[in-house]
Number of protein chains: 2
Amino acid sequence: MADLLDSAPQTPQMRILLAAGPIFADKGFRDTTIREICEAASVNVASVNYYFGDKQKLYHEAVLFARQMQAAQSPEPSWDESTPSADRLRLFIAMILKRMVVNEQAPWQVRLLLNEIQNPTETCVQLVEDYFRPFMQSLANLVRDIAGDPIDPLFANQLVLSIVGQCMIYRFAPQTLTMTLGDLFEDQDREQQLDRLTDLITHFSLAGIRAAVSKTKRQT
Amino acid sequence: MADLLDSAPQTPQMRILLAAGPIFADKGFRDTTIREICEAASVNVASVNYYFGDKQKLYHEAVLFARQMQAAQSPEPSWDESTPSADRLRLFIAMILKRMVVNEQAPWQVRLLLNEIQNPTETCVQLVEDYFRPFMQSLANLVRDIAGDPIDPLFANQLVLSIVGQCMIYRFAPQTLTMTLGDLFEDQDREQQLDRLTDLITHFSLAGIRAAVSKTKRQT
DNA sequence: CTTGTATTAAAACGGTTGTTTAATACAGTT
DNA sequence: AACTGTATTAAACAACCGTTTTAATACAAG
């Protein structure tokens with residue numbers, strides 16, 4: 001799928017784009033030099049400005065390209081009408097964790113996107129509209145489904161954040177996390193480890209949602 | 001307490017330190033220029049190298065200084081023997097949320113520390129040993145207490161991360177979060193909003209821990 | 001008043017950055 | 001074969017960075 005792109009990076013523009021992505025992901029926008037990218041892409045220093053205008057526009061294109069590749073590689077989960085809410089939640093959590101690839105070096109596409117949302121540029125508004133907002137929406141609907149009774153939008157969003165937070169914490173400060181707790185998931189195969197963590201967060205969240213909902217219902 | 005420091009920033013070193021903190025917190029290490037700091041501190045450009053050696057050492061001192069101020073301003077929660085585990089958990093969560101100051105611009109000390117743990121330098125090992133590791137330890141003990149039965153260390157750490165993650169998600173990508181969901185906590189006073197969120201995460205976590213523990217017990 | 005030392009100030013240095021220029025190579029068209 | 005527009009290159013540019021140098025100044029000790 002993306003192999004087509006990898007096997008045919010003939011045009012200088014594509015070579016630059018493919019070289020820029022990982023470097024931007026590793027070092028951020030400011031610490032990345034055009035010369036570095038051009039060397040990796042085997043093109044002249046002037047090529048970036050020739051094809052992309054300036055460094056900022058190249059970064060913009062690289063982020064959008066990363067999003068495009070990531071969307072193609074791990075699509076949103078799908079289910080039929082009969083799938084229970086609990087199973088749908090598990091599919092969601094599995095997808096988030098899989099995209100973030102716990103403890104292993106995440107692919108540059110993911111790292112670049114995380115970098116962008118933590119230091120947002122103008123590029124981020126496009127990501128929010130095409131990606132994050134719909135994602136949060138469907139998760140909120142799922143939470144509403146699990147909660148049963150109709151709940152306050154703010155409340156639903158907070159529950160969604162509680163779920164997402166449990167996943168994202170593993171990518172919040174990966175190096176510091178490893179420094180603090182050592183290598184989580186060091187032995188055994190990652191596949192099974194990820195499965196267990198998915199189970200943990202799913203059950204944790206299901207119980208959490210129900211407890212929080214019944215608690216607030218009792219208060220009102 | 002820290003007012004003593006604020007009211008007496010006479011020495012150039014302290015003026016530089018107090019000027020550097022917020023700037024480093026706002027723009028990160030690389031995007032901050034020595035000239036900028038010196039202008040804010042009303043000292044000559046050469047002063048940073050004269051008093052601190054180089055830019056990196058100044059950054060190091062600024063981070064440690066921020067940690068020192070933050071520790072003095074919001075100390076760890078304390079309780080007596082009779083405090084139930086659930087209440088202790090609530091105190092912990094309240095402290096984390098208070099330190100992160102949901103949705104409001106966090107103080108520069110917090111932003112600088114978050115910046116350091118997300119882009120760790122050598123300074124971070126000191127923060128981990130003096131701060132994060134003990135913090136995670138006591139939270140793990142608390143989780144063990146709530147779980148009742150003895151549990152696997154890895155499992156305990158994952159439960160701790162599920163709790164912490166629910167809090168940190170609000171600081172993971174604050175601007176993008178606001179772009180996606182709008183201003184959470186826009187009306188009403190923040191004090192009460194923080195209280196409600198603390199309650200939510202506490203009940204969510206308590207139920208989550210118990211559900212996850214009983215689930216894994218059932219599996220073994 | 002002189003000496004010695006610590007501080008401040010201005011200026012410059014060497015290096016790197018993003019970007020531009022100008023020359024060259026080359027394909028396609030007439 | 002001459003022309004035209006695009007692609008590619010080497011070189012240079014101007015700006016800014018962290019750091020150093022050098023000199024002027026302040027000031028306490030003798």
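In the text below, chain A, chain B and the rest are named by the order of the sequence lines, each starting its count at 1. On a predicted model such as this, the values are computed, not experimentally measured, just so you know.
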Asker: Whole angstrom is fine here: how far is it from OH in B:Tyr50 over to P in D:dT21?
Answerer: 15 Å
Asker: Nearest nucleotide by nearest heavy atom, which residue falls closer to the 5' end of DNA chain C, B:Val45 or B:Gln13?
Answerer: B:Gln13
Asker: Quick one, A:Arg67 with A:Gln70, criterion side chain to side chain donor-acceptor pair (under 3.5 Å). Give me CA distance, side-chain angles, the key distance, then yes/no.
Answerer: CA-CA 5 Å; A:Arg67 159 66 189 144; A:Gln70 187 233 28; 3.0 Å; yes
Asker: Which whole-number value in Å describes the distance from B:Asn49 CG to C:dA9 P?
Answerer: 15 Å
Asker: For residues B:Phe52 and B:Lys57, report the shortest heavy-atom separation together with the two atoms involved.
Answerer: O-CB, 3.1 Å
Asker: Name the nucleic acid region contacted by B:Thr32, choosing base, sugar-phosphate or nothing; use a 4.0 angstrom heavy-atom cut-off, strictly under.
Answerer: sugar-phosphate
Asker: Quick one: B:Glu39 CD to D:dC16 P, roughly how many Å, whole number?
Answerer: 13 Å
Asker: What's the closest nucleotide to the side chain of B:Ile34 if the choices are D:dT8, D:dG18, C:dT19?
Answerer: D:dG18
Asker: Starting at CG of A:Asp31 and ending at P of D:dG18, how long is that distance when rounded to a whole Å?
Answerer: 12 Å
Asker: Only one of A:Ile37, A:Leu112, A:Asp31 forms a side chain to side chain contact (heavy atoms under 4.5 Å, CB included) with A:Ile23, so which one is it?
Answerer: A:Ile37
Asker: Any heavy-atom pair between the side chains of B:Val164 and A:Phe172 that's under 4.5 Å?
Answerer: no
Asker: Between B:Gln56 (CD) and D:dC17 (P), how many Å, whole number?
Answerer: 18 Å
Asker: Tell me if a side-chain donor or acceptor on B:Arg133 pairs with a main-chain N or O of A:Leu181 at a distance below 3.5 Å.
Answerer: no
Asker: Nearest to the side chain of A:Asp54, heavy atoms from C-beta on, is which of C:dT19, D:dT20, D:dT9?
Answerer: C:dT19
Asker: Heavy atoms from C-beta onward define the side chain here; which of D:dT19, D:dT9, C:dT19 lies closest to that of A:Ala46?
Answerer: D:dT9
Asker: Between D:dC17 atom P and A:Arg30 atom CZ, what is the distance in whole Å?
Answerer: 7 Å
Asker: Of the options C:dT17, D:dA7, D:dG18, whose atoms approach the side-chain atoms of A:Arg35 most closely?
Answerer: C:dT17
Asker: Nearest whole Å is fine: how far is C:dT17 C1' from A:Lys27 NZ?
Answerer: 13 Å
Asker: Starting at atom CZ of B:Phe52, determine the distance to atom P of C:dT7, rounded to an integer number of angstrom.
Answerer: 13 Å
